[in-house]
Amino acid sequence: MKECIICHKIKPLGEYYTHPRMADGHLNKCKECCIEYAHNHDTREYDKRRHRTNPKRFLQHKYIMIRQRCTHPGKSRHYYGLEFMSKEEWQEWCEQSYGTFISLYRNWQEAGCPRRLAPSIDRIDNNKGYVKGNLQWLTQVANSKKH
């Protein structure tokens, strides 16, 4: 028996997908919650509790996404191989642009976290990577309209 971290119901291990890296060999989310999570990716309560309510986690999440885009060919062929900042440079850039970020972040939260208003990192020159001097904060909708 195991408790699901999403629905908090205690279910038998057969109700969980197996996962070799977990201590007990099973995911922490039950199969039902995994399916629900996959179908409703825009309204995931779990994400809202994690990086949607904590600006620091949101920034960490963004850096991980950038790094994965640029280093894993399967993630996106458009971004693979692009240059990206080191973690230290990223933290420095975040400190410098924090005023703009936190303003967008708070507006996004006050609106109920709709995807279109989420803070988004825009590359000013699309031929360059995620490097200092080539990044700015925009909303998701402004970023997608720009390109």
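Count residues from 1 along the sequence. The analysis underlying the following values was restricted to heavy atoms, covering all of them including side chains, and did not include hydrogens, waters or symmetry mates.
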Gap separating the NZ atom of Lys29 from the CD atom of Glu36, nearest 0.5 angstrom: 11.5 Å
Cluster check Trp108, Ile102: I/L/V/M/F/W/Y, side chain < 4.5 angstrom: yes
Residue list, ring-ring contact (aromatic ring centres under 6.0 Å, His included) with Tyr63, at least two apart or on another chain: Trp90
For the student: nearest non-hydrogen atoms of Cys4 and Cys30, plus distance: SG-N, 3.4 Å
Distance-only polar pair, side chains of Ser97 and Trp137, donor-acceptor under 3.5 Å: yes
In one Ile/Leu/Val/Met/Phe/Trp/Tyr side-chain cluster, 4.5 Å: Leu104, Leu138: no
NZ/Lys31: more than 12 non-hydrogen atoms of other groups inside 6.0 Å: yes
Given Glu83, Met85, Arg123, the one that forms side chain to side chain contact (heavy atoms under 4.5 Å, CB included) with Asn134: Arg123
Under 3.5 Å donor-acceptor, His61 side chain and Leu59 backbone: no
Taking every non-hydrogen atom, the tightest pair across Tyr105 and Asn54: OH-N, 2.9 Å
Exercise: identify the closest heavy-atom pair between Phe84 and Cys70: CD2-CB, 3.5 Å
Closest non-hydrogen atom pair between Trp93 and Leu135, with its separation: CZ2-CB, 3.6 Å
Ion pair check, Lys11 and Glu32, cut-off under 4.0 Å: yes
Atom of Pro55, atom of Tyr98 and distance for their closest heavy-atom approach: CB-OH, 4.2 Å
Side chain to side chain contact (heavy atoms under 4.5 Å, CB included) assessment of Arg116 paired with Thr139: CA-CA 7 Å; Arg116 63 186 180 77; Thr139 61; over 6 Å; no
Closest heavy-atom pair and its distance - Glu3, Tyr16: C-OH, 3.4 Å
Side-chain H-bond candidate by donor/acceptor type, Arg67 with Tyr130, under 3.5 Å: no
